[in-house]
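Remember, it's 1-based here, ligands and their atoms both numbered in the order they're listed.
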Amino acid sequence: MKAAVCYEFGKPLVIEDVEIDQPQAGEVIVKTSACAICHSDIHRIRGDWGGQPPIIAGHEAAGVIADVGTGVSHFRVGDHVVVSLLRSCGRCFFCLIGRPYNCEGRFPQDERPRLRNKEGVILAQGLHTAAFAEFMVVDQSQVVVISPEMPLDRACLLACGVITGWGAVVNTARVEAGSGVVVIGAGGVGLNSVQGAALSGAVKIIAVDMLDHKLEAARGFGATHTINAGSQDPVAAVLSLTEGRGAEYAFITVGSSKAITQGAYMIRQGGIAVIVGMPSNQDANFSLNAHHLTYGRTVIGSPMGSTRLSVDIPRLVELYRQGRLKLDELISRRYPLDQINEAIESTERGEALRNVIIF
Ligand SMILES: [Zn+2]
Ligand SMILES: [Zn+2]
């Protein structure tokens with residue numbers, strides 16, 4: 001099968017034929033139909049998060065089940081599925097307390113590599129998925145069956161960007177109707193926090209970004225106010241839009257310490273600031289005045305939108321079917337696999353909401 005392999009951090013991916021194993025017990029093979037490019041892939045192949053190449057990235061995917069391993073009873077060859085990096089063992093402490101997104105289980109993939117090139121060199125499976133390839137071998141907990149009527153190039157967006165942004169609002173913070181919400185970053189994740197806030201009944205939805213075309217997109221997703229952080233102080237601007245008090249909620253969807261600090265100063269007493277985007281380096285720290293928090297403010301993290309795949313993916317597919325969740329508008333451009341480097345560069349330059357590789 002063809003795959004896009006990262007042999008050296010920061011260098012273009014190499015498209016070549018690679019070998020994939022048969023599925024082991026509890027695993028499925030999915031023929032990839034579409035995979036969007038997420039900033040986490042870029043961090044991974046630029047070396048921001050450490051690790052060693054060669055590696056195949058890609059984790060926001062959808063496709064069709066091509067084979068199943070022993071013990072897989074819920075999936076059949078031909079099922080259309082969303083494929084996510086989230087996997088859950090169902091037996092560990094976190095799975096048993098209802099937080100499968102914090103699963104600490106071990107999986108057969110961790111013990112035995114599943115991908116190698118023609119010379120027999122082992123290729124790491126980036127973000128548990130390796131979806132920049134024509135086939136993926138993943139744990140069955142990573143896939144959710146969807147209706148064959150759901151277009152797969154839009155379904156793939158649900159696997160990461162949508163659940164991360166929407167889930168932070170709906171699952172992690174449980175935004176109340178009538179609230180005021182700030183979303184920092186109006187990209188492929190932030191726009192989903194904006195539409196999650198709109199679907200939750202937030203009255204004021206303030207989008208903050210540096211790029212006017214992204215702020216314009218945010219209006220289309222439900223933002224009621226926009227702030228260009230390049231031309232004005234975003235904290236002062238949010239306070240002036242919220243009677244000087246701050247918003248009930250802030251969602252920080254860009255992975256920068258500065259944005260996290262700003263988000264924490266945008267919330268009112270009793271408000272909640274949610275760190276949604278993964279920081280771009282491992283040692284990202286931020287500091288806050290302790291008095292600011294003593295008035296009852298909370299800063300929390302949102303692991304992948306606190307998503308339970310089998311609960312949230314069907315909900316999102318239904319919202320899309322009803323015309324209440326925007327997915328078509330998130331796709332900036334579609335590319336074939338052999339133009340993946342162009343798609344990645346465009347994402348890095350901040351031009352795209354989501355670029356999608358079509359197989
Ligand atoms: Zn992602
Ligand atoms: Zn688990």
Participant: Does any N, O or S atom of His39, backbone or side chain, fall under 2.8 Å from the Zn ion (ligand 1)?
Facilitator: no

Participant: Assess whether a salt bridge exists between Glu111 and Arg106, defined as any Lys/Arg side-chain N lying under 4.0 Å from an Asp/Glu carboxylate O.
Facilitator: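 Answer for the salt bridge query: yes.
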
Participant: Can Glu318 and Arg324 be counted as an ion pair, charged N to O under 4.0 angstrom?
Facilitator: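 Salt bridge absent between Glu318 and Arg324.
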
Participant: Quick one: does NZ or CZ of Arg99 land under 6.0 Å from the six-membered ring centre of Tyr101, within 45 degrees of the ring axis?
Facilitator: no

Participant: By the definition side chain to side chain donor-acceptor pair (under 3.5 Å), identify the one residue from Asn102, Asn171, Thr172 that meets it with Ser306.
Facilitator: Thr172

Participant: Using 30° and 60° as the class limits, which term best fits the ring planes of Phe251 and Tyr249: parallel, tilted or perpendicular?
Facilitator: parallel

Participant: Taking 4.0 angstrom as the limit, do Arg321 and Glu149 come out as a salt bridge?
Facilitator: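 No, Arg321 and Glu149 are not salt-bridged.
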
Participant: Work out the angle at the Zn ion (ligand 1) between NE2 of His59 and SG of Cys38, rounded to 10°.
Facilitator: 110°

Participant: Using the rule that Ile, Leu, Val, Met, Phe, Trp and Tyr join whenever any side-chain heavy atoms are under 4.5 Å apart, tell me whether Val189 and Ile37 fall into a single cluster.
Facilitator: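 No; tracing contacts between hydrophobic side chains, which count when under 4.5 Å, never links both residues.
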
Participant: Under 2.8 Å from the Zn ion (ligand 2), protein N/O/S atom count?
Facilitator: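 Number of qualifying protein atoms: 4.
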
